[in-house]
J.: 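I'd like to ask you about the structure that follows.
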Amino acid sequence: MKYNFETIRPRYDVNSFKWNEMKEAVPDLEEGIIPFSIADMEFETAPEIVAGLKAYLDRYVLGYSNPTDRFKESVVQWMKNRHHWEVKKEWMLFTHGIVSAFYMAVHVFTEPGDGVMLMTPCYYPMYHAIENNNRVLVNNAMIQNGDHYEIDFDDFEKKAKDPKTKLLILCSPHNPTGRVFTREELTRIGRICIDNHVMICDDEIHNDLIMPGYEHIVFGSISKEFAEHSMICIAPSKTFNLAGLQTSTILIANPEIRERFLQYQCRDTDAPKCNVLGYEANRIAYEECGGWLDECIQVINRNRMIIEEFFSRELPQIKVTRLEATYLLWMDFREFGIEAKKLSRILRVEGHLFFDDGYMFGQQGTGFERWNLACPTSYIQAALIRLKKALAPYI
């Protein structure tokens, strides 16, 4: 490979939450243990981004800056070349993260007491966006079918028809189940929502991290009508591990909806913008780092295969959900019959394994764990040995 996906840089000194949480849980942790929890990568930053930001710092001061036309063009070209969707620069608004965007969507498109639908289990801040703002969770529980999840469309349509349901926060690709929804599924979602006046906030933060053999369809690319009835939230923060630069692009084709969203942003600031290095890092990533991403996906897929092969041979009690996208492997430990919080303690204290506990993703996640695979393969292999040892008394 051209790029380095083997070096680990411990992140205690930069106050990484997941690294610090790991150390707090097991203070005498030995060297060589890394967390597999929160969804950022344990890979070195793409060298093109590092070099490009250094060059930028040599040339410019860090004063107030708006997104440049070149940055916007890099978004246009990335979406066209990677996702076969031609977007327009005027559709673009910017937020400090996609979580911020769907929190704002809850305010813009609903009122207190209105229903917001989630396809569960799902990314836990989506629950918080509803609960913290006095909205009502409309729970569309997905159906586990063997090694993958399917949408319960009968339930989805029934709940979309409720006039109190005003917004769907769609997670596509889906986190934590790793699903890549088909064109047919997305078309059915869109048709039901449009027919029932349910706005769609589409979180596509993982849309570049598609495993071999699968194809992601951007919701807004399906038709002009779908683009006009949705806001598509994208960012290279997962793709290129740039979350700390807090820069996301929100694509809103409908000018009326875009203006409503912008006006809400302007309640807190006169001119909403992200940080200047975030814009530049995003531009470099989109223009220069496609090769890094291709290799990164190869490493993630290799890690996935190693885990699945090991489980099949050594720990068949653990059932793995098929990873179609993201670098987050959804694992079912329920066959062990271990209570969820006890399972978490066993993994952390006895196995020195720091996953994201499934119950964080809603009731349907109880008994599951989510493993972040974006790390060097050698750490995956070492973790599997610890996992087998920690679970040996329960087999």
J.: Tell me whether E30 at atom CD has more than 12 heavy atoms from other residues, nucleotides or ligands lying less than 6.0 Å away.
T.: yes
J.: Just wondering, are more than 12 heavy atoms of other shown residues or ligands nearer than 6.0 Å to NE2 in H128?
T.: yes
J.: V50 and V276: same hydrophobic cluster, using ILVMFWY side-chain contacts below 4.5 Å?
T.: no
J.: Output the distance between atom CG (D195) and atom NE2 (H229), rounded to the nearest 0.5 Å.
T.: 9.0 Å
J.: To the nearest 0.5 Å, what is the distance between CG on L29 and CD on E24?
T.: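 Going from CG on L29 over to CD on E24, the span is 12.0 Å.
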J.: Under a 4.0 Å threshold between the charged nitrogen and the carboxylate oxygen, would R82 count as salt-bridged to D294?
T.: yes
J.: Answer yes or no: does atom CZ of R59 have more than 12 heavy-atom neighbours from other residues, nucleotides or ligands under 6.0 Å?
T.: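 No.
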J.: With Q364, which of T177, T120, N139 fulfils side chain to side chain donor-acceptor pair (under 3.5 Å)?
T.: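 Answer to the side chain to side chain donor-acceptor pair (under 3.5 Å) test with Q364 among T177, T120, N139: T120.
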J.: Is the backbone N or O of R135 less than 3.5 Å from a side-chain atom of N133, with the two atoms forming a donor-acceptor pair by type?
T.: no
J.: Check for a donor-acceptor pair, side chain of N282 on one end and backbone N or O of A235 on the other, with a separation under 3.5 Å.
T.: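 Flag not set: sc N282 to bb A235 has no pair under 3.5 Å.
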J.: Does a side-chain heavy-atom distance below 4.5 Å link F333 with I338?
T.: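 Not touching, per the 4.5 Å side-chain cut-off.
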J.: Using ring centroids (six-membered ring only for Trp), state whether F354 and F36 fall under 6.0 Å.
T.: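 That pair fails the under 6.0 Å test.
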J.: Judged by atom type as modelled, is there a donor-acceptor pair below 3.5 Å linking the side chain of R322 to the main-chain atoms of G146?
T.: no
J.: Between M41 and C296, is there a side-chain heavy-atom distance shorter than 4.5 Å?
T.: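 Side chain of C296 against side chain of M41, heavy atoms only: contact under 4.5 Å found.
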J.: Looking at N207, is its backbone amide N or carbonyl O close enough to the side chain of E204 to form a donor-acceptor pair, meaning the two atoms are under 3.5 Å apart?
T.: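 Checked: no pair found.
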J.: Shortest non-hydrogen contact from A160 to V198?
T.: O-CG2, 3.7 Å
J.: Check whether the ring centres of Y279 and F94 lie less than 6.0 Å apart, and answer yes or no.
T.: yes
J.: Go through it in stages, so that I can follow the logic: the residues are I318 and L387, the test is side chain to side chain contact (heavy atoms under 4.5 Å, CB included), and I'd like the CA-CA distance, side-chain angles, deciding distance and then a yes or no.
T.: CA-CA 11 Å; I318 303 174; L387 180 61; 4.0 Å; yes
J.: If you draw a 6.0 Å radius around CZ in F17, do more than 12 non-hydrogen atoms from other residues or ligands fall strictly inside?
T.: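 Counting other residues, nucleotides and ligands, CZ of F17 stays at 12 neighbours or fewer.
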J.: For the atom pair NE2 (H96) and CD (Q265), what is the distance rounded to the nearest 0.5 Å?
T.: 9.0 Å
J.: Any side-chain heavy atom of L186 sitting closer than 4.5 Å to one from R183?
T.: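 Side-chain contact under 4.5 Å: no.
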J.: Could you tell me if R370 sits above the aromatic ring of F361, with its cationic atom closer than 6.0 Å to the ring centre and no more than 45 degrees from the axis?
T.: no
J.: Would you say M104 and I250 make side-chain contact, with heavy atoms under 4.5 Å?
T.: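 Side chain of M104 against side chain of I250, heavy atoms only: no contact under 4.5 Å found.
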J.: Could you check if a side-chain atom of N372 sits within less than 4.5 angstrom of a side-chain atom of L328, using non-hydrogen atoms only?
T.: yes
J.: Quick test of your reading of the model: are D332 and R334 salt-bridged, counting only N-O distances below 4.0 Å?
T.: yes
J.: So, R313 and E309, do they make that salt bridge, N to O below 4.0 Å?
T.: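 No, R313 and E309 are not salt-bridged.
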J.: Hey, could you give me the CG/CD1 distance between D203 and I169, rounded to the nearest 0.5 Å?
T.: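 Answer for the CG-CD1 pair, D203 versus I169, is 9.0 Å.
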J.: Is it the case that the side chain of T95 and the backbone of G97 share a donor-acceptor pair, with hydrogens and angles ignored and the cut-off at 3.5 Å?
T.: yes
J.: With rounding to the nearest 0.5 angstrom, report the SG to NE2 distance, C171 to H206.
T.: 6.5 Å
J.: Considering all heavy atoms of both residues, which atom of I284 and which atom of L53 are nearest to each other, and what is their separation?
T.: CD1-N, 3.9 Å
J.: Is V320 reachable from V180 through a run of hydrophobic residues whose side-chain heavy atoms are each under 4.5 Å from the next?
T.: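 Same hydrophobic cluster.
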J.: Is there a side-chain contact between L343 and F355 in this structure, where contact means two heavy atoms from C-beta onward sitting under 4.5 Å apart?
T.: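 Sidechains of F355 and L343: no contact.
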J.: Begin from the C-alpha positions of D208 and H83 and carry the test side-chain hydrogen bond (donor to acceptor under 3.5 Å, both in side chains) through to its verdict.
T.: CA-CA 8 Å; D208 298 317; H83 297 289; 2.7 Å; yes
J.: Please confirm whether the backbone N or O of H352 pairs with a side-chain atom of R386, one donor and one acceptor, at under 3.5 Å?
T.: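 Checking the backbone N and O of H352 against the side chain of R386, a donor-acceptor pair under 3.5 Å is found.
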J.: Has the side chain of D152 got a donor or acceptor atom that lies under 3.5 Å from a matching backbone atom of N140?
T.: no
J.: Going through the distances and angles, do E324 and R304 end up as a salt bridge (charged side-chain N to carboxylate O under 4.0 Å, His left out)?
T.: CA-CA 11 Å; E324 300 175 356; R304 186 268 308 169; over 6 Å; no
J.: Taking the six-membered ring for Trp, are the ring centroids of W292 and F5 within less than 6.0 Å of each other?
T.: yes
J.: Does the side chain of V299 come within less than 4.5 Å of F43's, by heavy atoms?
T.: yes
J.: As an exercise, state the distance from CG of L170 to OG of S230, rounded to the nearest 0.5 Å.
T.: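 Interatomic distance, L170 CG to S230 OG, rounded to 0.5 Å: 9.5 Å.
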J.: Can you hop from Y149 to I143 via hydrophobic side chains spaced under 4.5 Å?
T.: no
J.: Please name the pair of heavy atoms, one in P376 and one in E6, separated by the smallest distance, quoted to 0.1 Å.
T.: CG-O, 3.5 Å
J.: Give the minimum heavy-atom separation between F219 and I200, together with the two atoms involved.
T.: CZ-CD1, 3.3 Å
J.: Is C233 close to F102 at the side-chain level, that is, under 4.5 Å between some pair of heavy atoms?
T.: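 Result no, sub-4.5 Å side-chain heavy-atom pair not found.
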J.: Do other residues, nucleotides or ligands put more than 12 heavy atoms under 6.0 Å from the CG atom of D13?
T.: no
J.: Would L62 end up clustered with L245 when hydrophobic side chains under 4.5 Å apart are linked, directly or stepwise?
T.: yes
J.: Do F240 and T45 pass the side chain to side chain contact (heavy atoms under 4.5 Å, CB included) test, and can you show the C-alpha distance, the side-chain angles, and the key distance before you say yes or no?
T.: CA-CA 7 Å; F240 298 102; T45 306; over 6 Å; no
J.: For the backbone of K2 and the side chain of E295, can you confirm whether one donor and one acceptor N or O come within less than 3.5 Å of each other?
T.: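 Looks like yes, one N/O pair under 3.5 Å.
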J.: Is E73 paired with R70 through a side-chain N to carboxylate O contact shorter than 4.0 Å?
T.: no
J.: So I151 and I189, side chain to side chain contact (heavy atoms under 4.5 Å, CB included) or not? Walk me through it.
T.: CA-CA 9 Å; I151 302 167; I189 288 170; 3.7 Å; yes
J.: For the residue pair W91 and W85, categorise the inter-ring angle as parallel (less than 30°), tilted (30 to 60°) or perpendicular (more than 60°).
T.: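 Tilted: the ring planes of W91 and W85 meet at 30° to 60°.
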J.: Taking the six-membered ring of Y327 as reference, does the cationic atom of K238 (NZ for Lys, CZ for Arg) lie under 6.0 Å from its centre and within 45° of its axis?
T.: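 Not satisfied by the 6.0 Å and 45° rule.
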J.: Other residues, nucleotides and ligands only: do more than 12 of their heavy atoms fall within 6.0 Å of CD on E150?
T.: yes
J.: Distance-only, no hydrogens or angles: does the K224 side chain make a donor-acceptor pair with backbone N or O of S221 under 3.5 Å?
T.: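 No; zero donor-acceptor contacts below 3.5 Å.
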J.: Any chain of hydrophobic side-chain contacts (each under 4.5 Å) joining F310 to M305?
T.: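 No, F310 and M305 fall in different hydrophobic clusters.
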J.: Could you tell me whether K18 and E42 have a side-chain N and a carboxylate O separated by less than 4.0 Å?
T.: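 So K18 pairs with E42 through a salt bridge.
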J.: Considering non-hydrogen atoms only, spot the tightest contact between A105 and M231 and give its length.
T.: CB-SD, 3.9 Å
J.: Just checking Y64: does its OH atom have more than 12 heavy atoms from other residues, nucleotides or ligands closer to it than 6.0 angstrom?
T.: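 12 or below, so no.
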J.: Return the minimal non-hydrogen interatomic distance between L277 and L57, and the atom names on each side.
T.: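 What the structure gives for the nearest pair is CD2-CD2, 4.2 Å.
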J.: Hey, is the main chain of Y359 close enough, under 3.5 Å, to the side chain of D357 for a donor-acceptor pair?
T.: no
J.: Is atom NZ of K342 surrounded by more than 12 heavy atoms (other residues, nucleotides or ligands) closer than 6.0 Å?
T.: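 No.
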